[in-house]
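Chain naming here is simple, since letters A, B, ... match the order of the sequence lines and numbering starts at 1 in each.
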Amino acid sequence: MVNITVNAMALKVYNTISGKKEDFTPITEGAVKLYVCGVTVYDHCHIGHARSAIVFDTMYRYLRSKGYDVTYVRNFTDIDDKIIRRSHEENIPWQEVGQKYIASFYEDMDALGIMRPTHEPRATDHIGDMITLVDSLIKKGHAYNIDGDVYFSVDSFRNYGQLSKRPLDEMMSGARVDVDEKKRNPLDFALWKASKEGEPSWDAPFGKGRPGWHIECSAMSTLFLGNPFDIHGGGKDLVFPHHENEKAQTEAATGQKFVNYWVHNGFVNIDREKMSKSIGNTLSIKEFLKDYHPEALRLFYLSNHYRSPVDYNGQSIDDVNTALQRLYYTRHRALEAQKGKSFEARSFEQAEEINKKFIEAMDDDFNTALALSHIFELSKEINRMLDDKDAGALPLIASANQMFESLAGTLGLLEDSFESFENQAKMRHLARMGLDASFVENAIRDRIEARKAKNFQKADEIRNMLAEKGIMLLDTPQGTQWRIKTSVS
RNA sequence: GGCGGCAUAGCCAAGUGGUAAGGCGACGGUCUGCAAAACCGUUAUUCUCCGGUUCAAAUCCGGAUGCCGCCUCCA
């Protein structure tokens, strides 16, 4: 028998359906079943997708760190109108569109340090499960078939609107809903779409066609996690209609509750404007990574509450990048100080204290911003001890640094090596400035000569010249080192 | 028209009844040839405004103003 050691301290989770923070009680003690809506694979991901990925990755990491056995499912929507359109645009089969952008998705997620979920089902691998679900909805009178299109009847489900808190009748009036003459109620949504000429299709008792978007997540989530399951997540925009529809069709089909906790992350704006393809202000993850370390984006998102909207702009990212650099240098200093020294491990009371505060913050609906503040406290404490140059403090520094790394790791930070972190910063900067490393190294060599000759004027000229190019010099006991000023502008 | 959110220092931002976390920046100090980094200190008597409840309010209630999201594919 596995000894489950879940830290049962009260984790609270904000539940969209109640609008309140609730005590988190999983269906099965010690286990969490989590489903998050993935992406539709018809384009490269942007920094908004990254927010959702980072937020739920952090929850996943934290739940695991508390000792929960987490089953995490994230789907790929690989059949959809947009994918079909893209296949025409790029003149490649629709299957290839999916493969191409799934590969792009993994490239981005791996770069961002997003852990792989337990299961990553693709919609097209589960068409049979969707057909079964649609079929049962027809038989139970919750769906109707018109010319091969199958619609869910919202009037047949009493609780429709419960999640998004939209009373049915009020929605009808002002809503800009496509008037489809075939539908009984304008809010009825497609469970199955009859295939058109030249479109991908599957055989079903109710006609040849393909699944609607909402039914995919219902089929795949219940298949992998059962019914009900613990947490269903996604971006805030999915509350209506996607999650409302998932809930309606699943509960109508099973007669049981679908999900216990609904969790939604807030949106990303760019320079106070909504990020959208029509405005043309989207920023892809790949573009972001040309200029910054992946963890800068993570630190940026985690310093905001996951439910708040967040405004992306150059200044904020530069600020956070400077802070990230400080964390990396703190750990580096601590490890350098320990190199080649032997000492007895000793637990450090202040580190334990900070650990406790960290857990309290994260238990309060994943308050990552507060949790981060405790990591910075610890960073400060480590640097303070290092500055004291008290040899006896080494065991304390070692233990504080261990805690520091462990807490940062729970948030997916400090996962890179110092060398890689520093090199990436240098390479990105030099590429941007059109310089190469030998230019900097030569300048440093000249300056060392000048300093030896006590020609401080020349030495300072060289330093100023480099500073203008965003390169700063540090004269340390180990020699002259260089770093990049983190501001991109 | 319906539903919901937000307003905290120069900037970003946490904080839902007990007297304002943290980051970035700025200034002063230690260190240094001078710097940088790091550390120490300073940087919101006050949380958009007006009124109310309370011994006590950034936090609760009422009102005003401003900004934003969803209701259409969307993380």
Separation of A:Asp43 atom CG from B:A75 atom C1', in whole Å? 14 Å
Could you tell me how far B:A13 sits from B:G4 if I compare only their P atoms? Round to whole Å. 24 Å
Base-pairing assignment for B:C31 (Watson-Crick or G-U wobble, both under 3.5 Å): none
Any strand, both distances under 3.5 Å, Watson-Crick or G-U wobble: B:G66 pairs with B:C6
Ring centre gap for A:Phe288 and A:Phe300 strictly below 6.0 Å: no
Is A:Arg307 touching bases, backbone alone, or none of the nucleic acid, heavy atoms closer than 4.0 Å? nothing
Is any side-chain N or O of A:Arg51 under 3.5 Å from a base N or O of B:A75, one able to act as donor and the other as acceptor? no
Can you tell me the pairing partner of B:U43 across any strand shown, Watson-Crick or G-U wobble, with both distances under 3.5 angstrom? B:G25
Within this structure, what is the NZ-to-P distance between A:Lys21 and B:A14, rounded to whole angstrom? 12 Å
Out of B:A21, B:A37, B:C40, minimum distance to the side chain of A:Leu474 belongs to B:A37
Can you confirm if the aromatic rings of A:His264 and A:His243 lie within a centre distance of less than 6.0 Å? yes
Determine if A:Phe267 stacks with B:A75; use a centre-to-centre distance below 5.5 Å and an interplanar angle below 30° as the criteria. yes
How would you label the contact of A:His264 with the nucleic acid (heavy atoms, under 4.0 Å): base, sugar-phosphate, or nothing? nothing
Nucleotide B:C11, atom C1' - distance to CD1 of A:Ile317 in whole Å: 14 Å
What is the nucleic acid contact for A:Ser373, judged by heavy atoms within less than 4.0 Å: base, sugar-phosphate only, or nothing? base
Rounded distance in Å - CG (A:Leu370) to P (B:A13): 15 Å
Both A:Lys165 and A:Lys380 contact RNA chain B. Which one's nearest nucleotide lies toward the 5' end? A:Lys165
What nucleic acid atoms does A:Lys236 come within less than 4.0 Å of, heavy atoms only: base, sugar-phosphate, or nothing? nothing
Candidate nucleotides B:A37, B:A14, B:A75, ranked by approach to the side chain of A:His305 - the nearest: B:A14
What is the distance, to the nearest angstrom, from the CG atom on A:Leu372 to the C1' atom on B:G23? 9 Å
Looking at the side chain of A:Asp475, which of B:C70, B:A35, B:A21 is the nearest nucleotide? B:A35
For A:Asn304, answer base if it contacts any base atom (sugar-phosphate contacts may also be present), sugar-phosphate if it contacts only those atoms, and nothing otherwise; contact means non-hydrogen atoms under 4.0 Å. sugar-phosphate
Considering all heavy atoms, the nearest A:Ile79-A:Pro200 contact: CD1-CG, 3.5 Å
When we call it a touch if two heavy atoms are under 4.0 Å apart, what does A:Val55 touch: a base, just sugar-phosphate, or nothing? nothing
Using a cut-off of less than 4.0 Å, is there contact between a side-chain N or O of A:Lys274 and OP1 or OP2 of B:C70? yes
Across the strands shown, which category fits A:Leu238 at heavy-atom distances under 4.0 angstrom: base, sugar-phosphate, nothing? sugar-phosphate
Base B:C40 to side chain A:Arg384, donor-acceptor N/O within 3.5 Å cut-off: no
So, A:Ser104 and A:Lys286: side-chain donor and acceptor under 3.5 Å apart, yes or no? yes
For A:Asp460, which contact category applies under a 4.0 Å heavy-atom criterion: base, sugar-phosphate, or nothing? base
Given side chains that start at C-beta, do those of A:Val263 and A:Thr16 come closer than 4.5 Å, heavy atoms only? no
Measuring from the side chain of A:Asn367 (C-beta onward, heavy atoms only), which nucleotide among B:A21, B:G2, B:G15 has the closest atom? B:G15
To the nearest angstrom, the CG-C1' distance between A:Asp271 and B:C12 comes to 14 Å
Stepwise ring-ring contact (aromatic ring centres under 6.0 Å, His included) test for A:Phe258 and A:Phe229: CA-CA 7 Å; A:Phe258 177 41; A:Phe229 61 91; 5.4 Å; yes
Per atom distances to the A:Asp319 side chain, the nearest of B:A14, B:C34, B:C11 is B:C11
Picking from B:C34, B:A14, B:C74, which would you name as closest to the side chain of A:Arg447? B:C34
Pairing partner of B:U54 (Watson-Crick or G-U wobble, both distances under 3.5 Å): none
Partner nucleotide of B:G17 by Watson-Crick or wobble geometry (both distances under 3.5 Å): none
Within a strict 4.5 Å, meaning less than it, do heavy atoms of the A:Pro117 and A:Val73 side chains meet? no
Atom CG of A:Asn245 and atom P of B:C74 are separated, to the nearest Å, by 10 Å
Would you tell me if any nitrogen or oxygen in the side chain of A:Arg326 comes within less than 4.0 Å of OP1 or OP2 on B:C24? yes
5'-most contact on RNA chain B: A:Thr476 or A:His242, nearest heavy atom basis? A:Thr476
Counting any heavy atom closer than 4.0 Å, what does A:Gly48 reach on the DNA or RNA strands: base, sugar-phosphate only, or nothing? base
Any base atoms under 4.0 Å from A:Phe456, or only sugar-phosphate, or nothing? Heavy atoms, all strands. base
Please determine, for B:G1, whether a Watson-Crick or G-U wobble partner exists with both distances under 3.5 Å, and give it or none. B:C71
Of the options B:C40, B:C11, B:C71, whose atoms approach the side-chain atoms of A:Gln315 most closely? B:C11
Of the listed nucleotides B:C71, B:A37, B:A35, the one nearest the side chain of A:Met472: B:A37
Would you mind classifying the nucleic acid contact of A:Lys454 as base, sugar-phosphate or nothing, using non-hydrogen atoms under 4.0 angstrom? nothing
Please determine, by modelled atom types, if A:Glu295 and A:Tyr328 share a side-chain donor-acceptor pair under 3.5 angstrom. yes
Heavy-atom side-chain contact between A:Val440 and A:Leu430 under 4.5 Å: yes
Could you tell me the separation between the CG atom of A:Leu473 and the C1' atom of B:U32, rounded to a whole number of Å? 14 Å
Give a yes/no answer on whether the side chain of A:Thr16 brings an N or O atom under 4.0 Å of OP1 or OP2 in B:G4. no
Taking OP1 and OP2 of B:C74, is either one under 4.0 Å from a side-chain nitrogen or oxygen of A:Trp213? yes
With rounding to whole Å, what would you report as the distance between B:G15 and B:U72 at their C1' atoms? 37 Å
Is A:Arg451 touching bases, backbone alone, or none of the nucleic acid, heavy atoms closer than 4.0 Å? base
Of all the choices, B:C24, B:C12, B:A75, which nucleotide is nearest to the side chain of A:Thr322 once you look at every atom? B:C24
Proximity to the side chain of A:Arg166 - top-ranked nucleotide from B:C70, B:C34, B:A37: B:C70
